Amino acid sequence: MKELITTDGARLAYQDTGGAGVPLVMLHGWGQTQAMFRHQTEGLAPGRRVVTVDLRGHGKSGKPRHGYRIARLSRDVLELVDHLGLDRFDALGWSMGVSVWWSFIDLYGTGRIRRFVAVDQPAAVAAVPWMTEREQRDSGAIFDVSGLLYLGAALAGPEGGTVRADFVRGMFSGEPDPGVLAFVAEEIRSTPAHAGVPLLFDHCAQDWRDVLPRIDVPTLVIGCEGSHVHPDSQRFVAERIPGARLHVFAPDVASSHFPFLENPPAFNAVVEKFLAEEPANRA
């Protein structure tokens, strides 16, 4: 594991496999870690260079008392790819990691991104009152505002550990593999409330619908029938990004928010096929 100190003093733990070809930079979701991609760092094409990072407040990275906003996380990612000298790379985000990439694109453009993979993230997480019911449904909103506030308060409260465990369990359908569930539940323990709660609020308050039509690189959107994120929200994202493709895993392939952990061979095959295609001309 290597480390980078950001311009505002946060310590980021990252891994760089150092393989050949176009690097793939992978970003994890809220409360999770780069270990989510333990089956991808070596399970994708042999020798592919894969970069993963524990976002600030997560995993083995520092837990400072500042910077828990999606925009700051996207700045951290910019500083990481600058540090590694990555002028051209493929980007994959899962859950909140997709939001970090959307923020990155919003702030810094797509000039360095060759291909983009967005895994199971709604265009907007909170159903704010000024959205119509149709907009709330299309965007894939998971919480109403009062529900988001209640969750944040519960996570910060004395029963936060139990609330966190229930939150993780809700991302699986049916009876999950006990090993996978235990792994996810353990990883989320690395994010303290002082980091996780304000970041969750900021993450859920964002609405990325205006960014989607401005994504001008080849994009693959991945959903999962058994996830708490409804597949229709992933269809909406794919429809809004020009030329994007959609792949939704059926329940017999993966039935949670974690297809890369549940069925690594199936997930890796879909991602690798997309990344290995001949690059299209940019618009």
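As the structure is a prediction and not an experimental result, all values here were calculated from the model.
With rounding to the nearest 0.5 Å, the separation of CZ in Arg72 from OG in Ser103 is 11.0 Å. Here Thr17 contributes atom OG1 and Glu42 contributes atom CD; the two are 8.0 Å apart, rounded to the nearest 0.5 Å. Taking CD1 of Ile113 as the reference point, atom CG of Leu86 lies at 11.5 Å (rounded to 0.5 Å). Atom CH2 of Trp94 sits about 5.5 Å away from atom CE of Met36, to the nearest 0.5 Å. Atom CZ of Arg75 is separated from atom CG of Leu80 by 12.5 Å, given to the nearest 0.5 angstrom. Between the CG atom of Leu44 and the NE2 atom of His39 there is a distance of 12.0 Å, given to the nearest 0.5 Å.
For CZ of Arg189, the number of neighbouring non-hydrogen atoms (other residues, nucleotides, ligands) closer than 6.0 Å is 12 at most. Within a 6.0 Å radius of CZ in Phe201, other residues, nucleotides and ligands contribute 12 heavy atoms or fewer.
The shortest side-chain heavy-atom distance between Val221 and Arg245 does not fall under the 4.5 Å cut-off. In this structure, Glu3 and Leu12 have side chains that are not in contact, with every pair of non-hydrogen atoms separated by 4.5 Å or more. In this structure, Leu84 and Tyr14 have side chains that are in contact, with non-hydrogen atoms separated by less than 4.5 Å. Thr219 is not listed as a side-chain neighbour of Val117, based on a closest heavy-atom distance of 4.5 Å or more.
Counting all heavy atoms, side chain and backbone alike, Pro192 lies closest to Lys63 at CD-CD, 3.8 Å. Nearest heavy-atom pair, Pro122 versus Trp102, reported as atom, atom and distance to 0.1 Å: O-CZ3, 3.5 Å. Across Ile222 and Gln234, no two heavy atoms sit closer than the pair O-OE1, 3.6 Å. Nearest approach of Ala35 to Glu187, heavy atoms of both residues: CB-OE1, 3.7 Å. Looking at every heavy atom in both residues, Trp30 comes nearest to Phe167 through CZ3-CE2, 3.6 Å. Shown here for Ser233 and His230, the closest heavy-atom pair between the two residues is OG-O, 2.6 Å.
Side chain of Asn263 to backbone of Ala254: no donor-acceptor contact under 3.5 angstrom is found. When atom types are taken as modelled, the side chain of Asp202 and the backbone of Ile70 share a donor-acceptor pair closer than 3.5 angstrom.
With respect to the salt-bridge test (charged N to carboxylate O, under 4.0 angstrom), the residues Asp106 and Arg214 qualify. Under 4.0 Å is where a charged nitrogen must lie from a carboxylate oxygen, and between Arg169 and Asp166 no such pair does. For Arg49 and Asp90, the salt-bridge test fails: no basic side-chain N is under 4.0 Å from an acidic carboxylate O. Lys60 and Asp54 are not joined by a salt bridge, as no carboxylate oxygen comes within less than 4.0 angstrom of a charged side-chain nitrogen. Between Arg112 and Asp82, at least one side-chain N (NZ, or NE/NH1/NH2) sits under 4.0 Å from a carboxylate O, which counts as a salt bridge. Here Glu277 does not pair with Lys273 in a salt bridge; the nearest charged N to carboxylate O distance is not below 4.0 Å.
A donor-acceptor contact closer than 3.5 angstrom links the side chains of His257 and Ser95. A donor-acceptor contact under 3.5 angstrom links the side chains of Thr110 and Asp216, judged on distance only.
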Problem set entry | From CA spacing to verdict: side chain to side chain donor-acceptor pair (under 3.5 Å), Ser256, Glu262 | CA-CA 8 Å; Ser256 76; Glu262 273 195 286; 2.8 Å; yes
For this session: Go through the steps to decide whether Phe258 and Phe172 satisfy the test ring pair (Phe, Tyr, Trp, His ring centres under 6.0 Å), and finish with yes or no.
Result: CA-CA 8 Å; Phe258 307 87; Phe172 292 85; 4.9 Å; yes
Exercise. How far apart are the C-alpha atoms of Leu246 and Val248, what are their side-chain angles, what is the distance that settles it, and do they pass the side-chain contact (heavy atoms from CB on, under 4.5 Å) test?
Worked result: CA-CA 7 Å; Leu246 173 70; Val248 177; 3.9 Å; yes
For this session: Determine, stepwise, if the pair Leu275 / Arg114 fulfils side-chain contact (heavy atoms from CB on, under 4.5 Å).
Result: CA-CA 9 Å; Leu275 297 181; Arg114 188 191 71 122; 4.2 Å; yes
For this session: Could you go through the side-chain contact (heavy atoms from CB on, under 4.5 Å) check for Ser99 and Gln206 one step at a time?
Result: CA-CA 8 Å; Ser99 293; Gln206 305 301 319; 5.9 Å; no
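Relative to the six-membered ring of Phe274, Arg115 meets both conditions, a distance below 6.0 Å and an angle of at most 45° to the axis. Geometric assessment of Arg38 against the ring of Phe183 yields a positive cation-pi assignment under the 6.0 Å and 45° thresholds.
Checked against the 6.0 Å centroid threshold, His66 and Tyr68 do not count as a close aromatic pair. Phe89 has its ring centre less than 6.0 Å from the ring centre of Trp101.
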